[in-house]
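Below is one structure; the comments refer to it alone.
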Amino acid sequence: MRISTSVGAAMASSIAMCRLRIRGRGSLLKCLQKVDTFLHRHIGTNLVAAKAESLQKEETDERDSRKSMYAVQEERQAQAERSVLISCHSRTNEKRFLKYLSKHGDINKYFFYEGYGMYAVVEFAQRESVASLLEEAVIPSVSHESTVPFKSRLLLLRNLGGSADSQSGHQLQPQTTVPINELIQRLSKEESIDRQVAALTEAYQLTEENSRLRFLVCSLLQDVAAAYFPECTIRPFGSSVNGFGKLGCDLDMFLDLDGISGRNKKLPKSGLSLEYQLKRANSERAVTQSILSVIGECVDQFGPGCVGVQKILNARCPLVRFAHQPSGFQCDLTANNRVAMKSTELLYLYGGLDPRVRCLVFTVRCWARAHAITSSIPGAWITNFSLTVMVLFFLQTRSCPIIPSLDHLRDLAGPADKCVIEGNDCTFVSDFSKIQLQSNTETLEQLLCEFFDFYATFAFNKMSINIRKSKAQNKPEVAPLYIQNPFETSLNVSKNVNATQLERFVALCQESSWLLQQRENLSPRGANGGNNTATPWGLAALLLPSRVAEIKGRKKRKREPASERIKSLLESLKNNNQPKKKS
Ligand code: GTP
Ligand code: MG
């Protein structure tokens with residue numbers, strides 16, 4: 001039986017949709033692909049379409065049942081408060097260790113990881129178990145006088161006088177990403193660009209354990225800050241919680257004092273009442289600076305495991321920066337940074353609406369990092385936050401948009417979503433189920449190509465990027481790259497970016513778009529000689545060092561004519577092809 005072209009196309013797009021939606025459910029995908037092929041040949045389209053529909057529904061249900069970021073945070077915070085971080089010897093016997101800790105109560109979850117030595121994160125079922133364990137822990141008597149007797153949930157396991165443990169080879173949970181060369185190899189072995197993008201996301205995203213560790217570090221810090229403000233909360237924000245975090249990304253923390261009782265209480269209309277006498281400062285900024293100054297001092301002097309503390313109080317957003325050695329996290333502690341919390345929540349929402357959002361953001365961030373378009377050092381680079389907004393904007397502006405504008409999300413908001421911070425309207429819906437998406441069926445491969453094309457030709461000289469309106473708008477002021485801050489709408493989030501960096505970005509988009517159009521880059525290219533390495537293709541080829549970037553990176557060098565650039569690209573492609581030809 002022959003299938004008409006339009007039905008065939010519809011079926012192909014349903015299948016493409018299914019493939020995308022059920023990513024990670026490998027066996028179901030394989031099974032569906034087989035059914036797909038069979039039905040293609042022998043029966044018709046109804047069953048596949050029905051399956052596509054049901055998978056689509058599953059996906060929608062999954063999205064709708066997604067918790068708000070705050071609900072997830074509360075759960076994680078509670079877990080963290082029931083947890084301890086223990087430095088232990090690599091030969092620690094796991095069974096004996098758990099038996100010893102279980103004296104204090106049931107253990108919900110534990111895992112080991114390697115940082116500066118081996119550590120265990122142990123989550124008890126009850127908070128009282130942590131109190132009981134701390135009761136038993138001792139302050140070391142050796143060098144007693146030269147240590148600060150600050151008790152925390154960062155502990156050291158000693159094996160005193162007993163027989164040495166012999167067990168090693170614990171299952172260690174990785175806390176860092178694979179090196180780029182290894183990633184390129186992994187991706188080169190995938191069978192499609194869609195799979196490459198998914199594999200990159202899987203390799204880079206934060207693991208369950210890494211997320212737990214991030215919340216635990218916030219909770220440990222909260223114990224330090226509680227010396228001054230017993231009711232404060234320290235919450236993570238930024239990529240640690242917005243769904244776009246990569247293993248190894250920094251830990252942005254927000255010291256929240258709003259929970260301090262009395263702050264939001266209303267005064268009675270009549271009768272006597274008492275209020276706290278408070279010290280006044282010149283401005284809200286001055287209050288933030290003084291709070292961060294004392295907490296920073298406390299972290300520096302007493303915070304176990306916190307090293308290299310810098311108080312950066314005169315920055316636009318004052319912060320305390322330090323390294324938390326046991327977790328390996330680079331930490332930024334801020335206060336009074338509510339707009340950033342809202343941006344985090346917005347990114348979390350966008351990332352949860354459609355799986356392609358996270359995949360594309362991870363891919364673009366990784367690509368940008370591989371070509372030194374972004375950097376962890378502050379400078380004229382495009383930041384990860386700006387890049388993420390650029391991806392969101394691209395997805396909003398597809399002919400069938402994948403995600404809605406921020407204005408639309410604001411229109412869907414309920415009374416509980418209302419939020420105004422320092423006069424800025426930060427209101428948007430938080431309930432996933434209220435958001436209706438359009439049925440865009442583009443594959444990740446298509447989106448990746450289109451992304452590079454889009455920014456290779458974007459009118460950066462005239463237009464600004466605006467995710468609130470989902471529309472490019474005339475630039476309100478001169479800046480090489482203008483990305484409107486979604487909440488503080490008079491600000492440009494990419495104000496730091498200079499013309500050279502933007503030019504490099506555009507040149508790399510042109511190059512990547514061009515590379516993805518080359519036939520040899522569109523499918524696996526097999527093994528490279530006898531050493532069992534795969535020849536980079538597709539996304540993997542885009543992560544290889546770029547000739548253009550190298551050329552553009554040389555500041556003040558005369559601009560190469562386009563024909564020269566294409567010639568050098570052809571040359572590099574020819575070189576890449578050589579091993580294959582030989583084999
Ligand atoms: P990485 O740390 O690079 O993985 O990404 P990140 O998203 O955490 O970025 P970063 O640590 O630089 O910033 C933390 C959060 O602060 C971001 O997620 C945003 O919510 C917010 N943020 C960062 N830069 C800006 C900016 O220029 N404007 C605004 N409004 N918010 C920003
Ligand atoms: Mg960050």
Side-chain angles (χ1 to χ4, degrees), residues 69 73 175-177 201 204-206 210-211 214-215 217-218 234-255 312 315-324 327-351 357-358 361-370 372-393 406 419 421-426 428 464-468 479 481-497 501:
M69 193 183 82
Q73 286 215 345
Q175 306 300 326
T176 49
T177 47
T201 310
Y204 269 25
Q205 69 193 351
L206 298 184
N210 195 268
S211 278
R214 284 171 189 270
F215 276 87
V217 172
C218 288
I234 293 191
R235 306 176 193 284
F237 70 99
S239 59
S240 296
V241 281
N242 65 16
F244 301 120
K246 168 186 157 203
L247 279 173
C249 68
D250 68 355
L251 173 57
D252 302 294
M253 291 180 279
F254 169 64
L255 174 71
I312 311 171
R316 189 178 79 85
C317 178
L319 66 117
V320 175
R321 177 165 287 171
F322 58 93
H324 185 258
S327 61
F329 296 143
Q330 182 65 38
C331 302
D332 279 350
L333 176 66
T334 57
N336 197 9
N337 198 6
R338 300 199 163 274
V339 178
M341 289 298 282
K342 272 326 254 191
S343 319
T344 303
E345 199 189 333
L346 179 68
L347 263 46
Y348 172 88
L349 186 80
Y350 274 130
V357 179
R358 286 183 69 238
V361 169
F362 270 100
T363 304
V364 170
R365 281 185 172 206
C366 175
W367 164 86
R369 189 61 197 252
I373 287 182
T374 50
S375 164
S376 49
I377 309 159
W381 331 97
I382 303 177
T383 62
N384 270 336
F385 180 65
S386 295
L387 266 182
T388 307
V389 178
M390 289 171 93
V391 176
L392 297 179
F393 181 70
L406 176 51
C419 174
I421 301 170
E422 291 157 21
N424 301 301
D425 185 7
C426 301
F428 59 90
S464 69
I465 288 165
N466 185 326
I467 60 163
R468 181 163 275 285
L481 176 61
Y482 197 104
I483 303 175
Q484 191 198 57
N485 185 321
F487 298 119
E488 295 161 293
T489 51
S490 61
L491 302 178
N492 172 11
V493 300
S494 53
K495 201 175 167 182
N496 61 314
V497 177
Q501 291 305 322

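Hydrogens, waters and symmetry mates play no part in the numbers below; they use all other heavy atoms, side chains included. Both counts, for ligands and for their atoms, begin at 1 and track the order of listing.
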Quiz item: For the Mg ion (ligand 2), which N, O or S atom of Asp252 is at the shortest distance?
Solution: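 This turns out to be OD2.
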Practice problem: Determine which of the N, O or S atoms in Asp250 is closest to the Mg ion (ligand 2) and give its atom name. | Solution: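 Looking only at N, O and S atoms of Asp250, the one nearest the Mg ion (ligand 2) is named OD1.
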Quiz item: With a 4.5 Å limit on heavy-atom distance, are the side chains of Cys218 and Gln73 in contact?
Solution: no
Donor-acceptor contact below 3.5 Å, side chain [X] vs main chain [Y]:
X	Y	result
Asn496	Gly379	yes
Arg365	Phe244	yes
Asn492	Ile483	yes
Asn485	Ser490	no
Thr344	Gly238	yes

Quiz item: Does any N, O or S atom of Asp332, backbone or side chain, fall under 2.8 Å from the Mg ion (ligand 2)?
Solution: no
Exercise. Test Phe237 against every option in Asn242, Thr334, Leu347 by the side chain to side chain contact (heavy atoms under 4.5 Å, CB included) rule and name the one that passes.
Key: Thr334
Quiz item: Near ligand 1, which residues have a heavy atom under 4.0 Å away from one of its atoms?
Solution: Phe237, Gly238, Ser239, Asn242, Cys249, Asp250, Asp252, Ala340, Ser343, Thr344, Arg365, Asn384, Phe385, Asn485, Val493
